[in-house]
Novice: 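Would you mind keeping the following structure in view while I ask a few things?
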Amino acid sequence: MIILGIDTSCDDTSIGIIKAQNNKGNFKILSNIISSQVNIHKKYGGVYPMLAKREHQKNLVFVFKKALKKANLLKIKNKKSEKDNKIQTIEKTLSREEILKNELIKFLEKYEKPKIDILSVTTGPGLDPCLWVGLNFTKSLSYYWEIPIVPANHIQSHILVNFLDFNFKEINSFFPAVSLIVSGGHTQIILIKNIGKYKILGETLDDAAGECFDKTARILNLEYPGGPKIAEKAKKIKNKNLKYNISLPRPMINSKNYDFSFSGLKTAVLYKTLKDKNNLKNERYIEEMCWEIQQSVIDVLIKKTIKAAKDYKAKAIFLGGGVSANNELRRQFKEKIKQEKLKINFFVPPKDLCTDNGIMVAISGYFNYLKNKTKSWKKIKINGNLKL
Ligand code: KG4
Ligand code: ZN
């Protein structure tokens, strides 16, 4: 079975294609194409939904074509088809996505229906205008080629991408599990009783961890997205002979619940840099500040996740979301589990599958399909605040 996953929930236009062995798991990646809009949003220091929507419109057909080609599923028709009456419905479905509409119609007239069994698309959480483009694109394909759609929750997708290389028996042996999803929009600790059975144990009360990296990077005049930039600067601190002695808070680290709060950390960085404004052009000061910001976030994330895993007797911890690409976070998690001699399996996706991608949506869609969550294209809607 071949599944194509589409994610346009934020600023990346992502399409991934996987092959699933029926009822076995162990997915094979056929293609994973991502068109990043980072250079556009860099100028503004964050993502503007309407600007991102326009870029998705421009990118989708290109990314789609590239993904099909890489997976060996792109075939030109022998004869270009005449405008059929199905096109009228597509014109209506994409009436608010003019750029995309014209590109897609040209594509459908030129190429044959690919051998894809299921289309999966992120319907939330995310930015509403961005989610709509991805969904309307997928609806058009579903209608035109008569391929079923399965909606996917973006957070579930970040969790389930961890199952890429496992079979069903192995996957079932990991439950109950605890997952930490850390991205630009979310910071949540989730108890997984089974696939589809989740309980949010705790989450951020204000900013997400990735958002905290992005905002503090901006204070330090570093480019968007801030997470990788802060990690890069922090890496320069090899020995802990710190010259500037910067000390930032670890918000809520000792609270009894599993919630987080990162806006206080951002404010602490703001006040500290206002006080030290003469140092802002000093590279060593910036590196030490980045190291401390990163460590503060890591300390809180690890402490709370391990506590949840112990309290709920989890057999595994699954990380996911853009921030889980952070090398130090990955290393220190492993070290902590080893140090405490915990009998907990620790999993984190390969780095390119931590940030938003279509593969995770395809995997998530496949599990939803097994639970009969296929829907008629006419009935699917987006929900920017969709809960797990
Ligand atoms: O999951 P994702 O791609 O998009 C959302 O769903 O939000 O996560 C993006 C976030 C950004 O805030 C970015 O700064 C952060 O992930 N990020 C990182 C790293 N790579 C991306 N944060 C820390 N270290 C990284 N290496
Ligand atoms: Zn994400």
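Just so you know, ligand 1 is whichever comes first in the structure, and atom 1 is the first atom listed for that ligand.
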Novice: Could you tell me whether the Zn ion (ligand 2) has an N, O or S atom of His186 under 2.8 Å away?
Specialist: no

Novice: Do Thr89 and Tyr143 have side-chain N/O donor and acceptor atoms under 3.5 Å apart?
Specialist: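 The answer is yes; a qualifying pair exists.
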
Novice: List the closest protein heavy-atom neighbour of atom 22 (N) of ligand 1: residue, atom name, distance to the nearest 0.1 Å.
Specialist: Gly227 CA, 3.3 Å

Novice: Are Lys86 and Glu146 close enough for a salt bridge, meaning some N to O gap below 4.0 Å?
Specialist: yes

Novice: Are Leu160 and Phe27 linked, directly or through other ILVMFWY residues, by side chains that come within less than 4.5 angstrom of each other?
Specialist: yes

Novice: Once rounded to 10 degrees, what value does the angle at the Zn ion (ligand 2) take between OD1 (Asp356) and NE2 (His154)?
Specialist: 90°

Novice: According to the interplanar angle, ranging from 0 to 90°, do the rings of Phe347 and Phe318 count as parallel (below 30°), tilted (30 to 60°) or perpendicular (above 60°)?
Specialist: parallel

Novice: Relative to the heavy atoms of Gly210, which atoms of ligand 1 are at a distance of less than 4.0 Å?
Specialist: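 Heavy-atom distances to Gly210 below 4.0 Å select 12 (O).
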
Novice: I'd like to check which ligand 1 atoms, numbered from 1 as shown, lie under 4.0 Å from a non-hydrogen atom of Thr355.
Specialist: 3 (O)

Novice: Among protein heavy atoms, which sits nearest to atom 10 (C) of ligand 1, and what does the distance come to when rounded to 0.1 Å?
Specialist: Gly184 N, 3.5 Å

Novice: Considering both backbone and side-chain atoms of Asp12, is one of its nitrogen or oxygen atoms within less than 3.5 Å of a nitrogen or oxygen in ligand 1?
Specialist: no

Novice: Could you find the nearest protein heavy atom to atom 4 (O) of ligand 1 and give me its residue, atom name and distance?
Specialist: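 Heavy-atom neighbour on the protein nearest atom 4 (O) of ligand 1: Asp356 OD2, 3.1 Å.
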
Novice: With the threshold set at 4.0 Å, does a side-chain nitrogen-carboxylate oxygen contact exist between Glu287 and Lys235?
Specialist: no

Novice: Considering heavy atoms of the protein only, find what lies nearest to atom 14 (O) of ligand 1 and give residue, atom and distance to 0.1 Å.
Specialist: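 Nearest protein contact, heavy atoms only, for atom 14 (O) of ligand 1 is Asp214 OD1, 2.8 Å.
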
Novice: Identify the closest protein heavy atom to atom 21 (C) of ligand 1: which residue and atom is it, and at what distance?
Specialist: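 Scanning the protein heavy atoms, the shortest distance from atom 21 (C) of ligand 1 goes to Gly322 O, 3.4 Å.
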
Novice: Judged on heavy-atom distance to atom 25 (C) of ligand 1, which of Pro228, Gly226, Gly185 sits nearest?
Specialist: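 It is Pro228 whose heavy atom sits nearest to atom 25 (C) of ligand 1.
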
Novice: What is the ring orientation for Tyr369 with Tyr366, classed by angle as parallel under 30°, tilted 30 to 60°, or perpendicular over 60°?
Specialist: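 Tyr369 and Tyr366: parallel rings.
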
Novice: Other residues, nucleotides and ligands only: do more than 12 of their heavy atoms fall within 6.0 Å of CZ on Arg218?
Specialist: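 No, CZ of Arg218 has 12 or fewer neighbouring heavy atoms, counting only those of other groups under 6.0 Å.
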
Novice: In the protein, what heavy atom is nearest to atom 24 (N) of ligand 1, and what distance, to one decimal place, separates them?
Specialist: Asn326 ND2, 3.0 Å

Novice: Which of the atoms in ligand 1, numbered in the order shown and given with their element, are less than 4.0 Å from a heavy-atom of Ser183?
Specialist: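 Answer, ordered by atom number: 1 (O), 5 (C), 6 (O), 7 (O), 8 (O).
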
Novice: Can you tell me if Gln88 has over 12 outside heavy atoms packed within less than 6.0 Å of its CD?
Specialist: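 Counting other residues, nucleotides and ligands, CD of Gln88 stays at 12 neighbours or fewer.
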
Novice: Charged N to carboxylate O below 4.0 Å: is that the case for Asp299 and Lys303?
Specialist: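 So Asp299 does not pair with Lys303 through a salt bridge.
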
Novice: Work out whether the distance between some heavy atom of His154 and some atom of ligand 1 is less than 4.0 Å.
Specialist: yes

Novice: Go through ligand 1 atom by atom and flag the ones less than 4.0 Å from a non-hydrogen atom of Phe213.
Specialist: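 Listed by number with element: 22 (N), 23 (C).
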
